There are 2 protein chains.
Amino acid sequence: MMRSLWQLRNWRECPVRKLAWVAVVTRLEMFLDALEESQTPDDVQSLVVALRDSYGISNAVYHAVNVGPIPYAALTYTPEWMQYYHDQKFVQVDPVVKGALQKFHPMDWKQLDWSGRGSREFLGEAIAAGVCNQGLSVPIRGPNGQFALFTINDNCSDASWEMFSKEFKRDMMLISHYIHRRVVDIIVPEQDVNRRDLSPRETDSLKYLALGFSRGQISEKLKISEHTLRVYIDSARGKLGALNTIHAVTTAFSRGLISF
Amino acid sequence: MMRSLWQLRNWRECPVRKLAWVAVVTRLEMFLDALEESQTPDDVQSLVVALRDSYGISNAVYHAVNVGPIPYAALTYTPEWMQYYHDQKFVQVDPVVKGALQKFHPMDWKQLDWSGRGSREFLGEAIAAGVCNQGLSVPIRGPNGQFALFTINDNCSDASWEMFSKEFKRDMMLISHYIHRRVVDIIVPEQDVNRRDLSPRETDSLKYLALGFSRGQISEKLKISEHTLRVYIDSARGKLGALNTIHAVTTAFSRGLISF
DNA sequence: ACCTCCCTCGCAGTTTCTGGGGAATACCGC
DNA sequence: GCGGTATTCCCCAGAAACTGCGAGGGAGGT
């Protein structure tokens, strides 16, 4: 029954059926509200499963690629495939991850390049493991370089999938946002106390370092001596708790303290 | 008339008024569709103005903090304030920008810290320039370190604003996404041809560099000689068109080729 | 008034990075 | 098979960055 819900897409045209459309809107709100109230990883996992069932698709996957120290996922794939994916370090080969890292908008799997070195064999193994042919993946980016993916996945024709994804893409965008928000609250342990701001000069110094300039060039740009510049870099490194200059720059970058 | 639309928030409870709620949903879809069809910066600007009027608020602002080489904004503030903001480099002081850089979820301005060094005087000047007391800002992150902000802004009581933002926060999340998507298509000139992938070893090398390890430590971790490691770093630098190691790491990071 | 932080400048010694060479094995696609 | 690329190893010399020691003036907050 639920499965047929998405076939409503043209119902809105008919005034009599608008109430059914309202029901669809309410379903989205129900999920978002439920996500806001979830407290544990199990809650999130249950909601992902419920989501799959409610939208009548084969799989729904939230994959925290780079969120906190330990990897996390809430998904409807088999645990065996999850383990295998992790053991084989497929995250480095997976065209979905590689593609999403460079996209902003949700992307259909058909847009992806599956011709890479390890991609084809990965595809074969994935399909054997129950991953379906149609997919839509939503990239999610947060502060501190957080990156996650929300994917829905089904076995159906191109035409059906296009209708489905056109209809529910925006739902998925909101759902992926709320899942990520909740997951971060749950799994990212504590905010570092070292949240001291950088001074403007320190920010400038790190910014130019990130742009590839040498210390000599930067000191000219900022019209200060190279020694002074070094003091800024050192103090920034201290504030950020960084081990060396590269670490300081990447840390500042990921924390949003500098931008290109 | 439009202004009263958002007072519909409780109408959904009444079945008779559900059709009005449908109208609200349709308004959102209308804006998203219009954004997808917009072609020029002027189109986007017009839509931001239309959005302000349709939602009955005082200001709507899309601010591309770090998208492409030249700054861009589509907003309803006065050109004088825009220019002054730019000339004074307020982007480095603005608590809205600083706060949003560390947030994932849309944030109310009341959550912000206005006690910083230059923040208070900035606040004074902003209010004098017509920026209102209530605000909601949506952080937007894209690939390549893109960062932008979408803000709505009004003069009203805390209670009214809370009702409004609760009701339309999700609308604004979608709208901000679609504005950014369109702006990137319009203002970001061409995708660099230098899109060659890094090899796994190169990725590993840069990743550990970003984490603050020295070459000696990394070569131990990867169980290769330091000379070999250096070859990876050099080739990665070449592929990325980077000027030095720091540049290579930050470039790879911002392009999503490596992650922590 | 005192304390903290920001900005500016200096020296010396050690470590690390950069740039220029060269070379072998192996895999993949055309 | 051949060209391209990935992976691994090696040498050397100069340039650059890191570490640890100081020093003084100014602006802001308690």
Side-chain angles (χ1 to χ4, degrees), chain A residues 89 92-93 113-122 124 194-206 208-210 212-250 257, chain B residues 89 92-93 113-122 194-206 208-250 257:
Chain A
K89 295 188 179 172
Q92 293 188 359
V93 192
D113 175 23
W114 294 89
S115 66
R117 188 65 57 98
S119 297
R120 274 191 312 279
E121 59 187 61
F122 168 73
N194 287 341
R195 285 289 169 188
R196 296 167 61 196
D197 278 354
L198 297 179
S199 74
R201 288 308 234 182
E202 288 161 352
T203 309
D204 290 339
S205 306
L206 294 188
Y208 285 120
L209 281 176
F213 297 106
S214 70
R215 299 205 300 201
Q217 291 173 310
I218 300 171
S219 60
E220 278 180 29
K221 275 180 193 289
L222 298 179
K223 289 172 184 161
I224 54 178
S225 76
E226 196 176 331
H227 304 285
T228 305
L229 176 69
R230 208 194 52 188
V231 174
Y232 295 145
I233 299 172
D234 289 351
S235 63
R237 200 175 52 232
K239 284 181 182 175
L240 296 168
L243 298 165
N244 54 39
T245 302
I246 297 182
H247 196 200
V249 173
T250 54
L257 300 173
Chain B
K89 296 188 179 174
Q92 293 189 1
V93 192
D113 175 24
W114 294 89
S115 67
R117 189 65 58 99
S119 297
R120 274 191 311 278
E121 61 186 61
F122 168 73
N194 288 340
R195 285 291 168 186
R196 297 167 62 195
D197 279 353
L198 297 179
S199 74
R201 289 308 235 182
E202 289 161 351
T203 310
D204 290 338
S205 306
L206 295 188
Y208 284 120
L209 281 176
L211 289 171
F213 297 106
S214 70
R215 297 204 303 199
Q217 291 173 309
I218 299 172
S219 61
E220 279 181 28
K221 275 181 192 290
L222 298 179
K223 289 172 185 160
I224 55 178
S225 77
E226 196 176 332
H227 306 284
T228 305
L229 177 69
R230 208 194 54 184
V231 173
Y232 295 144
I233 299 173
D234 289 352
S235 62
R237 200 176 52 233
K239 284 181 181 174
L240 296 167
L243 298 166
N244 54 38
T245 304
I246 296 182
H247 197 199
V249 173
T250 54
L257 300 173

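All values reported here derive from a predicted model rather than from experimental measurement. Chain letters run A, B, ... following the sequence lines, proteins first, then strands; residues in each count from 1.
Contacts of Asn244(B) classified as side chain to side chain donor-acceptor pair (under 3.5 Å), with partners at least two apart in sequence or in another chain: none. Residues that satisfy the side chain to side chain donor-acceptor pair (under 3.5 Å) test with Ser199(A), not counting sequence neighbours, are Glu202(A). Checked against salt bridge (charged side-chain N to carboxylate O under 4.0 Å, His left out), Glu220(A) has no partners two or more places apart in sequence or in another chain. Listed by chain and number, the residues in a side chain to side chain donor-acceptor pair (under 3.5 Å) with Arg237(A) are Asp234(A) (sequence neighbours excluded). Evaluation of the side chain to side chain donor-acceptor pair (under 3.5 Å) rule for Thr228(A) yields Ser225(A) as partners, not counting sequence neighbours.
Of the residues in residues 214-230 of chain A, Ser214(A), Arg215(A), Glu226(A), Arg230(A) come within less than 4.0 Å of DNA chain D through at least one heavy atom, sorted by number.
Rounded to whole angstrom, the span from the CG atom of Leu243(A) across to the P atom of dT16(C) amounts to 14 Å. A straight line from CG of Leu198(A) to P of dC7(C) spans 11 Å, rounded to a whole angstrom. Atom CG in Asp204(B) sits roughly 15 Å away from atom C1' in dT8(D) (whole-Å rounding). If you measure from atom CD of Glu202(A) to atom P of dC5(C), you get 12 Å, rounded to the nearest angstrom. Distance CG (Asn244(A)) to C1' (dT15(C)): 12 Å, rounded to an integer number of Å. Separating the CD1 atom of Ile233(B) from the P atom of dA17(D) is a distance of 16 Å, rounded to the nearest angstrom. As a whole-Å value, the separation of Asp234(B) CG from dA6(D) P is 14 Å. Atom-to-atom, CD1 of Ile246(B) to P of dC17(C) comes out at 11 Å; the value is rounded to the nearest Å.
Within the structure, every side-chain polar atom (N or O) of Tyr232(A) is placed at least 4.0 Å from both OP1 and OP2 of dC6(C). Proximity of Ser199(B) to the phosphate of dT7(D): a side-chain N or O atom is located under 4.0 Å from OP1 or OP2.
Phe122(A) CZ: more than 12 foreign heavy atoms inside a 6.0 Å radius.
At a threshold of 4.0 angstrom between heavy atoms, the contacts of Ser235(B) with the nucleic acid are absent.
Within the 4.5 Å cutoff, no side-chain heavy atoms of Leu222(B) are placed close to those of Tyr232(B).
Comparing Arg201(B) and Thr245(A) by the nucleotide of DNA chain D that holds the closest heavy atom to each, the one mapping nearer the 5' end is Arg201(B).
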